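Here is the structure we will look at, set down as structure tokens.
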Amino acid sequence: MATERYNPRETEPKWQKNWSDAKVFETNNDAPGEKYYVLEMFPYPSGRIHMGHVRNYAMGDVVARYKRAKGYNVLHPMGWDAFGMPAENAAMQNKVHPKEWTYQNIDTMRRQLKSMGLSLDWSREFATCDVDYYQQQQHLFLDFLKAGLVYRKQSKVNWDPVDQTVLANEQVIDGRGWRSGALVEQRELTQWFFRITDFSEDLLEALDGLERWPEKVRLMQRNWIGKSEGMMVRWALDEETAPDGESELEVYTTRPDTIFGASFMAISPDHPLARRAAENDPALAAFCDECRRAGTSLAALETADKKGHATGIHVKHPFDAEWKLPVYVANFVLMDYGTGAIFGCPSGDQRDLDFANRYGLPVTPVVMPNEADAATFHITEEAYVGDGVMINSRFLDGMTPTEAFDRVASELAEKTINGRPQGERRVNYRLRDWGISRQRYWGCPIPVIHCDACGVVPVPITDLPVRLPDDITFDKPGNPLDRHETWRHVACPECGKDARRETDTMDTFVDSSWYFARFTAPWEKRPTDPQAANAWLPVDQYIGGIEHAILHLLYSRFFTRAMRITGHVGMDEPFKGLFTQGMVVHETYKGAGGWIAPADVVVEDHQGERRARHAETGEDLVIGSIEKMSKSKKNVVDPDDIIASYGADTARFFMLSDSPPDRDVIWTDAGVEGAHRFVQRVWRLIQEAREPLVATDPAAGKEGDALAVSRAAHKALKAVGEDIERLGFNKAVARIYELVNALAAPLQRAASGKVDPQLAAACREAVEILIQLIAPMTPHLAEACWASLGHPTPVSQASWPQFDPALVTEDEITLPVQINGKKRGDLTIARDASQGEVEAAVLALDVVRSATDGKPPRKVIVVPQRIVNVVV
RNA sequence: GCGGGCGUGGUGGAAUGGUAGACACACAGGACUUAAAAUCCUGAGGCCGCAGGCCGUGCGGGUUCGAGUCCCGCCGCCCGUACCA
């Protein structure tokens, strides 16, 4: 019997319209059922969606559709992370207004997402650049300000002296501005900060409670917060070398036990003492300037060659006033961490050792392994960082480092310098306060006013929003808000005199730190409806890229706490479950003229060797490495093209198959075609057997082939449910393949009319289960199949079926039998056989008897329901 | 530099410390066809082979009755590194 091929181009838009007309996916906050909030990280509207989005949203959609079928009231919204630099770059390059560029991109991407058939509640959609959204963000800012969570301080930025603009770290390449090529300078600006460090301990401790977060993300956040228990130690400056008025250098150390191994002090180029010393030392001043040119990026700073410059200043050792140590300015010491000054102990720290060797400073080992000999223990090229015993450390000799730490702490607490204890224990965090000021146009304006008389005045909440002006240009360098005189000019809300608006806008991370809360009541005329927020939050399942493991997730955790303090939500943690998906990667192709897009490449197999050539010119191309899809390498596959030729279901199914969702997936044409064949196969198998299936009611089989069909279906049902719960989509897909393979033969027989009523009923039940299993992944196909069986209501509104426990357990099990850990045979035995029965049966096996050679085995290990190992 | 992760057939991958390679892709053979496509069936980690063995999860060690999985040391790739989002 001939059946028509499944035509996604006709079927998919039809079902999308049905869902939309019936508002199946619009969520009512008051609907019955336990709530379930599934959210994928919202996209930046860069222009078009890419395969990474398809993968991310396909995963979230499986969860949303599955949970809906399980009877939950599901919230699954979508929005746009719409502020940010690319809109300004586009404005400069193409003379298009950032607003226009952004909303056009959103229109394109919304259409693309809709063509994917995602079960999203589009009625709650918003963009962070919508005035309605950023008005509420300004409201939050003012509340935070009032609650003491916001302050201003001096902070450094990368300054491009030619373009007269602040550069992002990624715009600084080898110390030069990306556009101008000019050497980057550092500038100190007064900027706005959120007091995230007030929450350091809480953000750290609460990680333990985030049980449904990947351990790796919790670890990364723990390390990022970087709690350490050390000491503040004040070193007296040697009077003869100290600048006037300077008498001490305060240092933070986690290793006071190594204080007798100290050989130099290193301070940041921005340390006040460095600045004082540089005043009369042009060479030192030049060195400090050079350090500052590296930019503000920590990675650039720390991968740079470790360099220092002597200041001429010396300090006195706390336990020996005669012992003087030189003070260096070093490019690897950060003003932001601790006190901006360290003491270097070369024997116990590789970086300090490299530094000491470079500048000819002494190296005294102070900790050695317990078994080493103090007389011969030397450190030359490799520092010893392990535990052990103290040596060369006077009254600390023989102690463990921990004992020595305590002793130094108590000794230094007794000594005083300038009227204060010379040492104090101190808990320190690596985490820094969150600088949110951006000297850019396309962001949320910070709602404050600067008045010469009143100082910094918050904009009254009733005056919000502070709207971004539309009449701006990018033809001049710098921030358009800064030179917009009429916008800047404003009356002081307190005294009414002429005043100026703040021209900094907020970091776009602020926008994405509370959007998940806004989705719970996007219509509200205040930031949240606390009742709705508390009902929906925390997000049950949040899905996005691992690249957000630290900043976005940590900022959101802080923001939720801040919103709780200011009464907008009632919880601390925004995301109960977190899943980080891998990237979509693709082969790269390169011709004489540069990178070639996969759409223009034909890959052929020549006797096992893959070759690529240009589809039009025929030019031979080099097949390059597999890399993250990016515009620069042109190795992108446009979801539009895939959906147009294969349909959304195929694209979704492929993105869920094969690769574990937390790992990268390689996009290949063969993979898409395989997924597409599966879609066609399911359709064909069901359509060919449609008549006998429609003619019978579903019922589980009791014996023979019918029983086998029902067993296969119920086992798959159980396994797929469990796999989806654990987000093991690739495993769920494998189970579905198995089921389809098992159903193929019976369905073909049914198609030719050669099945008894029992088998027909079992097939009908199995096919309905199959359709429901694929419904979260390939929803359009599932609807088409479901309707073809005569169901009047869509499968997207059907309840998830329940498996019959009797059909998923076997009476007999087959245990592998190992001899000395290597598999040598199998044992089939009753499932409920006792340990003793299993052991007796194993020893009776031929392979075991020939191996034991008549003697009793040394040991028999029976792992119930798993394996048997005989040790001979 | 530092923090985190990953590494298994020709390919993507599967495997609560318990049969390594499920499932799929690609490939080969067969069926159907005038032919092709599509579809269906079969085969397959490598090596030696006659039955049966040996070797195999990036590399080198270790723990264990048993290691892809745990521990130690390397190598390679990826993510983050606070103004990309």
Side-chain angles (χ1 to χ4, degrees), chain A residues 5 41 43-44 46 81 83-86 157-158 166-172 196 214-217 219-224 226 295-306 332 336 350-351 430-440 507-509 512 545-552 554-555 580 582-583 585 605 608 610 625-628 657-660 662-666 668 670-671 673-675 677-678 680-681 684 728 730-731 733-738 741 744-745 748 814-826 858-861 863 866-871:
Chain A
R5 276 172 71 81
M41 290 179 186
Y44 178 79
S46 55
D81 187 12
F83 275 135
M85 285 198 309
V157 294
N158 301 308
V166 175
L167 297 175
N169 283 337
E170 71 159 10
Q171 297 174 323
V172 178
I196 189 171
E215 187 53 42
K216 61 180 172 187
V217 175
L219 234 190
M220 281 190 257
Q221 292 214 350
R222 226 168 258 140
N223 291 334
W224 184 261
T296 57
S297 143
L298 189 59
L301 219 64
E302 295 215 351
T303 43
D305 205 14
K306 306 293 172 289
F332 56 85
D336 294 319
Q350 193 60 43
R351 193 173 58 184
R430 206 187 71 105
L431 183 64
R432 312 201 295 251
D433 272 334
W434 175 11
I436 60 153
S437 280
R438 296 293 180 272
Q439 294 69 42
R440 297 185 209 293
D507 178 9
T508 56
F509 273 122
S512 56
I546 184 70
E547 67 272 22
H548 295 294
I550 297 175
L551 293 181
H552 162 59
L554 195 62
Y555 290 153
T580 55
M583 296 179 299
V585 293
D605 227 311
R610 296 178 68 247
S625 61
I626 295 170
E627 298 187 45
K628 177 177 173 174
S657 319
D658 290 349
S659 283
D662 54 348
R663 260 199 255 171
D664 290 352
V665 61
I666 304 180
T668 60
E673 279 158 22
R677 270 202 298 276
F678 170 81
Q680 292 295 346
R681 188 176 183 219
R684 183 169 14 83
N730 58 323
K731 287 179 234 169
V733 166
R735 296 299 195 159
I736 289 171
Y737 270 114
E738 277 175 1
N741 288 343
Q748 279 160 9
T814 299
L815 292 176
V817 176
Q818 293 183 329
I819 293 167
N820 292 338
K822 292 203 171 175
K823 196 204 163 193
R824 287 293 183 258
D826 291 300
R858 259 194 27 217
K859 202 171 178 184
V860 180
I861 294 146
V863 183
R866 272 290 181 196
I867 201 168
V868 182
N869 190 13
V870 181
V871 186

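Residue numbering restarts at 1 for every chain, and letters A, B, ... go by the order of the sequence lines. Since the structure is predicted, the reported quantities are computational estimates derived from the model, not experimental observations.
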Exercise. What distance, rounded to whole Å, do you find between the two P atoms, one in B/rU8 and one in B/rA15?
Worked result: 15 Å
Exercise. Among B/rG4, B/rC79, B/rU16, which nucleotide sits nearest the side chain of A/Glu547?
Worked result: B/rC79
Exercise. Quantified in whole Å, what is the P atom distance between nucleotide B/rU69 and nucleotide B/rC27?
Worked result: 33 Å
Exercise. Does any nucleotide pair with B/rG68 by Watson-Crick or G-U wobble geometry, both distances under 3.5 Å, and what is it?
Worked result: none
For this session: Find the partner of B/rA14: check Watson-Crick (N1-N3 plus N6-O4 or O6-N4) and G-U wobble (N1-O2, O6-N3) distances, both under 3.5 Å, and reply none if neither fits.
Result: none
Problem set entry | Phosphate OP1/OP2 of B/rC65 contacted by A/Asn820 side-chain N/O (<4.0 Å) | no
For this session: Specify the separation, in whole Å, of atom CZ of A/Arg866 and atom P of B/rA20.
Result: 13 Å
For this session: Round to a whole Å and report the spacing from CG of A/Leu551 to P of B/rC84.
Result: 9 Å
Exercise. Reckon A/Phe678 touches a base, only the sugar-phosphate, or nothing at all at heavy-atom distances under 4.0 Å?
Worked result: nothing
For this session: Ignoring backbone atoms, test whether A/Lys822 places a side-chain nitrogen or oxygen under 4.0 Å from the OP1 or OP2 oxygen of B/rG53.
Result: no
For this session: Have a look at A/Gln439 and say if it touches a base, only the backbone sugar-phosphate, or nothing, with a 4.0 Å heavy-atom cut-off.
Result: base
Problem set entry | Distance test, side-chain N/O of A/Ser297 to OP1/OP2 of B/rU81, below 4.0 Å | no
Exercise. Relative to the ring of A/Tyr555, is the ring of A/Phe509 parallel (under 30°), tilted (30 to 60°) or perpendicular (over 60°)?
Worked result: perpendicular
Problem set entry | Rounded distance in Å - CZ (A/Arg222) to C1' (B/rC2) | 18 Å
For this session: Please state how far atom CE in A/Met41 lies from atom P in B/rC79, giving the value in whole angstrom units.
Result: 16 Å
For this session: Measure from the side-chain heavy atoms of A/Lys306 and tell me the nearest of B/rG18, B/rG1, B/rA85.
Result: B/rG1
For this session: Using a heavy-atom cut-off of under 4.0 Å over every strand shown, decide if A/Val871 touches base, sugar-phosphate, or nothing.
Result: sugar-phosphate
For this session: Indicate the atoms forming the closest heavy-atom contact of A/Leu815 with A/Arg866, along with that distance.
Result: CD2-N, 3.5 Å
Exercise. What distance, rounded to whole Å, do you find between the two P atoms, one in B/rA44 and one in B/rC77?
Worked result: 37 Å
Exercise. So which heavy atom on A/Asp81 is nearest to which on A/Tyr44, and how close?
Worked result: O-CD1, 2.9 Å
For this session: Look at all strands and tell whether A/Gln818 reaches a base, only sugar-phosphate, or nothing, counting heavy atoms closer than 4.0 Å.
Result: base
For this session: Confirm from the modelled atom types if A/Arg735 and B/rC23 form a donor-acceptor pair under 3.5 Å, side chain to base only.
Result: no
Exercise. Of all the choices, B/rG5, B/rC23, B/rG12, which nucleotide is nearest to the side chain of A/Ser659 once you look at every atom?
Worked result: B/rG12
Exercise. Just by modelled atom types, is the A/Trp224 backbone N or O under 3.5 Å from a matching donor or acceptor in the A/Arg430 side chain?
Worked result: yes
Exercise. For the side chain of A/Lys859, counting heavy atoms from C-beta on, which of B/rA15, B/rU81, B/rC65 is nearest?
Worked result: B/rC65
For this session: For A/Asp433 and for A/Leu219, locate the closest nucleotide of RNA chain B by heavy-atom distance; then report the residue assigned to the nucleotide nearer the 5' terminus.
Result: A/Leu219
Exercise. Which atoms form the tightest heavy-atom contact between A/Ile546 and A/Lys216, and what is the distance?
Worked result: CD1-CE, 3.8 Å
Exercise. Between A/Gln221 (side chain) and A/Ala549 (backbone), is there a donor-acceptor pair under 3.5 Å?
Worked result: yes
Exercise. Given atom CZ of A/Phe509 and atom P of B/rG80, what is their separation to the nearest angstrom?
Worked result: 10 Å
Exercise. For A/Tyr555 and B/rG80, what is the distance between atoms OH and P respectively, to the nearest whole Å?
Worked result: 14 Å
Problem set entry | Closest to the A/Pro660 side chain, choosing from B/rG13, B/rU16, B/rG1 | B/rG13
Exercise. What does A/His548 touch in the nucleic acid at a heavy-atom separation under 4.0 angstrom: a base, only the sugar-phosphate, or nothing?
Worked result: base
Exercise. What does A/Asp662 touch in the nucleic acid at a heavy-atom separation under 4.0 angstrom: a base, only the sugar-phosphate, or nothing?
Worked result: nothing
Exercise. Taking atom types as modelled, is there a side-chain donor on A/Arg681 or A/Asn741 under 3.5 Å from an acceptor on the other?
Worked result: yes
For this session: Determine the minimum heavy-atom distance between A/Asp433 and A/Ile196, stating which atoms define it.
Result: OD1-N, 3.1 Å
For this session: Grab the CZ-P distance between A/Arg430 and B/rC2 for me, whole Å please.
Result: 13 Å
For this session: Pick base, sugar-phosphate or nothing for A/Val157, based on heavy-atom distances below 4.0 Å to the nucleic acid.
Result: base
For this session: May I ask you to evaluate whether A/Arg663 reaches the phosphate of B/rC6, defined as a side-chain N or O under 4.0 Å from OP1 or OP2?
Result: no
Exercise. Base, sugar-phosphate, or nothing: which does A/Arg681 touch, judged by heavy atoms less than 4.0 Å apart?
Worked result: sugar-phosphate
Seminar exercise, completed: All heavy atoms of A/Glu302 vs all of A/Lys306, minimum pair found to be O-NZ, 2.7 Å
Seminar exercise, completed: Picking from B/rG18, B/rA85, B/rC23, the nucleotide nearest the side-chain atoms of A/Asn741 would be B/rC23
For this session: Kindly say whether, by distance alone, the side chain of A/Asn869 makes a donor-acceptor pair under 3.5 Å with the base of B/rC65?
Result: yes
For this session: Have a look at A/Trp224 and say if it touches a base, only the backbone sugar-phosphate, or nothing, with a 4.0 Å heavy-atom cut-off.
Result: base
Exercise. Can you tell me how far P in B/rU16 sits from the matching atom in B/rU11, rounded to whole Å?
Worked result: 23 Å
Problem set entry | Nucleotide of B/rG3, B/rC84, B/rA20 approaching A/Met220 most closely (side-chain heavy atoms) | B/rG3
For this session: May I ask which nucleotide in the shown strands pairs with B/rG7, Watson-Crick or G-U wobble, both distances under 3.5 Å?
Result: B/rC75
Exercise. Nearest to the side chain of A/Ala734 - B/rG12, B/rC23, B/rC65?
Worked result: B/rC23
Exercise. How many Å lie between CZ on A/Arg438 and C1' on B/rC84, as a whole number?
Worked result: 11 Å
Seminar exercise, completed: Winner on side-chain proximity to A/Ala299, out of B/rU81, B/rC40, B/rA22, is B/rU81
Problem set entry | Any A/Asn223 side-chain nitrogen or oxygen under 4.0 Å from OP1 or OP2 of B/rC2 | no
Exercise. Which nucleotide in the list B/rG1, B/rA14, B/rA82 gets nearest to the side chain of A/Leu431?
Worked result: B/rA82
Problem set entry | Side-chain N or O of A/Arg677 closer than 4.0 Å to phosphate OP1/OP2 of B/rA26 | yes
For this session: Quick one: look up who B/rA22 pairs with, Watson-Crick or G-U, both distances under 3.5 Å, and put none if it's unpaired.
Result: none
Problem set entry | Sugar-phosphate, base or nothing in reach of A/Gly582, heavy atoms under 4.0 Å | nothing
Exercise. Is the base of B/rC84 touched by the side chain of A/Gln171 through a donor-acceptor pair closer than 3.5 angstrom?
Worked result: no
Seminar exercise, completed: Closest heavy-atom pair, A/Asn158 versus A/Asn169, reported as atoms and distance to 0.1 Å, is ND2-OD1, 3.0 Å
Exercise. If pairing requires Watson-Crick or G-U wobble contacts with both distances under 3.5 Å, which nucleotide is the partner of B/rC54?
Worked result: B/rG46
Problem set entry | Pair assignment for B/rU39, Watson-Crick or G-U wobble, requiring both distances under 3.5 Å | B/rA31
For this session: Determine the interatomic distance between C1' on B/rG49 and the same-named atom on B/rU39; round to the nearest Å.
Result: 37 Å
Exercise. Under the rule syn = chi within 90° of 0, otherwise anti, which is B/rG52?
Worked result: anti
Exercise. Reckon A/Val166 touches a base, only the sugar-phosphate, or nothing at all at heavy-atom distances under 4.0 Å?
Worked result: base
Seminar exercise, completed: Whichever of A/Arg351 and A/Gln748 has the more 5' nearest nucleotide on RNA chain B, that residue is A/Arg351
